[in-house]
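First comes the structure, then the notes that go with it.
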Amino acid sequence: MITMKRNARITLLLLLIAGLWLALKPTLGNRRFTFLPFRLSEYIDFMDFWLNLGSFALLGLTVWLAFGALEKAFSRMWMMTGFITLLNITLELVQSSIPGREMDFADVWAGLLGCVLGIFGGIVLQLLSIRKKTGRTSPQVLFLDQTGRLGGAELMLLDIAAARAADSEALLFQDGEFRTALENIGVKTTVLALGEDASTVDKQAGLKRVLRSIPGILQLMLQVVQAARSFDVVYANTAKALIIGGPAARLAGRPLIFHLHDIIADGHFSMLNQQALILCANHCAQSVIANSEATKDAFIACGGRAELCVVVPNGFRIPTERSSTEETKSLRTSLGIPSAAWTVLMAGRLAHWKGQHVLLEALKAVPNAHAVLLGDALFTDEDRKYAQQLHTQAEELSGRVHFAGFQSKTMPYFDMADVVVHASVYPEPFGRVIVEGMLACKPVIASRAGGAAEIISHEQTGLLVNPGRPTELADALLRLQHDSEFASIIAHQALQTARATYALSAVQEKIEAVIHQIASPQEPEVLSSIIPPKKSPPCAA
Ligand code: UDP
């Protein structure tokens, strides 16, 4: 905030100097004046000079003071222009009364027009901003997200936006089913597509690709600045949304919340992207909502400001009804799974770091078990290539692997399964599928890293295995397959924990508290009363 003001003031100072030179040039060039005028005409010329000087200084000062809220600056500038022109006309009239001087009518008419337009324009702008403000009860939030697909971050945003649909709008950088989902819950959504070069920059992009993407990013940034001015808070939900929305929010003079759904570390992001993210978050965000302690720790370890962070996990609607036996039976049949087969579900997009290949490898050691891979390659060409490799790998398992593709209704898949597996090879930022498995009262096996290790307590609410170790995963699967009583006990304990910890309403309240805090920073106690400064994870391993 301080840096912003300093930069704004330096810019204004330069503008002021340039403007002064323009304003004073004709006066200095055409008129003679002394600092101690004796004759009235000289005195009037002298006043004209100082009026130009003073009015420009006033104009600059007004913008200076109002900087940060451009709407305010514009309306004040309009008003000021009007009053200055009025003074200029008066002076012109006084000057023309001096013997030998003639009235410059063109000057007077131009002045009059400027005066009327200035004063009326200023009043209209003021009234408009007052009307907009008085009609609002809750901060107006502009959500930004880079994708049109439905990943975990987007599903979380859907739940947040659903709770404040009347006071929010969304801006996506790509069209897709996410836009439809947002519109279905009543959130006005606009798609501002990124150019080809910018949209292909992924989390691992190097310098060359990043440089090529700059023109597209700048263009989009300006559009976001324009949009952001009508809102109280900008809410960046993804990395690219932060890179574009962070500077845009600053230019628009609006506070920014960054919802961090990623672990900023090697494996997830290139070094360049890590630095860009931290720079943007540290300088543009007023709050960073991390979805787990692991996400927060990685952010801080990478140089992120700890005081910006608050940890809010994902929230889930607790279903009152589960799928019927008929439903799960017919789903099994449609997938080609024998009715009595012991079935492992792995839900989530197909991507190498999600570790579907680890499960397929482990399955070789678990005879008769079938696996359902629910999800699709959502984001990159690499993911699509990986999906093809999985199909090849599955051929070795003679019909025991079933690809279900992306489904928007996932509950029947969880209900149909005997066990839910999470096998990410890099630390998972949160791991929604783990909680969804717990809420379905299924035993869950997850990778011992990141957010997953915060959600599951080993041998209490699930089993944790080391990431990328198919033999360990196979052992855990065999344990659950052979000890159904143990499987049932941990599943029931997990259900209780998930219900108590991840209820959506509580999470929505916490997010809302952050939004209110950021929108009106004079009430710091609101946030700390709802979100204690440091909270240990409820079921850390
Ligand atoms: N999911 C879905 N349909 C699918 C596969 C997955 O809706 O076909 C959902 C899944 O239920 C979960 C989310 O996608 O809510 C994935 O979130 P997670 O945190 O596990 O992974 P992310 O995509 O955020 O990396």
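Both ligands and their constituent atoms are indexed starting at 1 by order of listing. This structure is a prediction, so every number in the text was calculated from the model and none was measured.
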Does [X] have a non-hydrogen atom less than 4.0 Å from ligand 1?
X	answer
Pro429	no
Gly431	yes
Phe406	yes
Lys354	yes
Leu155	yes

Report the relative orientation of the aromatic rings in [X] and [Y]; use parallel for angles under 30°, tilted for 30 to 60°, perpendicular for over 60°.
X	Y	value
His268	Trp353	perpendicular
Tyr502	Phe430	perpendicular
His352	Tyr386	perpendicular

Under a 3.5 Å distance rule, please check whether [X] uses its side chain to pair with a backbone N or O of [Y] as donor and acceptor.
X	Y	value
Thr238	Gln146	yes
Thr380	Asp383	yes
Asp418	Thr343	yes

For this session: Please determine if Gly152 has a nitrogen or oxygen closer than 3.5 Å to a nitrogen or oxygen of ligand 1.
Result: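 Right, the criterion is met.
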Exercise. Just distances here: any N/O of Glu436 and N/O of ligand 1 closer than 3.5 Å?
Worked result: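 It does: an N or O of Glu436 is found under 3.5 Å from an N or O of ligand 1.
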Exercise. Where on His422 is there a heavy atom closer than 4.0 Å to ligand 1, on the side chain, on the backbone, on both, or on neither?
Worked result: neither
For this session: Classify the contact between Val433 and ligand 1 as side chain, backbone, both or neither, using a heavy-atom distance cut-off of under 4.0 Å.
Result: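 Looking at Val433 and ligand 1, atoms from backbone and side chain both fall under 4.0 Å.
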Protein heavy-atom partner closest to [atom] - residue, atom, separation in Å:
atom	answer
atom 6 (C) of ligand 1	Gly348 N, 3.8 Å
atom 19 (O) of ligand 1	Arg432 N, 2.9 Å
atom 8 (O) of ligand 1	Gln407 N, 2.8 Å
atom 1 (N) of ligand 1	Thr410 CG2, 4.1 Å

Exercise. Do Ser323 and Glu327 have side-chain N/O donor and acceptor atoms under 3.5 Å apart?
Worked result: no
Exercise. Are more than 12 heavy atoms from other residues, nucleotides or ligands located less than 6.0 Å from atom CD of Gln223?
Worked result: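 Yes, CD of Gln223 has more than 12 neighbouring heavy atoms, counting only those of other groups under 6.0 Å.
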Exercise. Should we say atom NZ of Lys364 is surrounded by more than 12 heavy atoms from elsewhere, each under 6.0 Å from it?
Worked result: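 Yes - once you tally the heavy atoms of other residues, nucleotides and ligands closer than 6.0 Å, there are more than 12.
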Problem set entry | Proximal atoms of ligand 1 relative to Gly405 (non-hydrogen, under 4.0 Å) | 8 (O)
For this session: Number the atoms of ligand 1 from 1 as they appear, then name those within less than 4.0 Å of a heavy atom of Gly375, with their elements.
Result: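 Every atom of ligand 1 under 4.0 Å from some heavy atom of Gly375: 5 (C), 8 (O).
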Problem set entry | Check ion pair Arg479-Asp483 (N to O, under 4.0 angstrom) | no
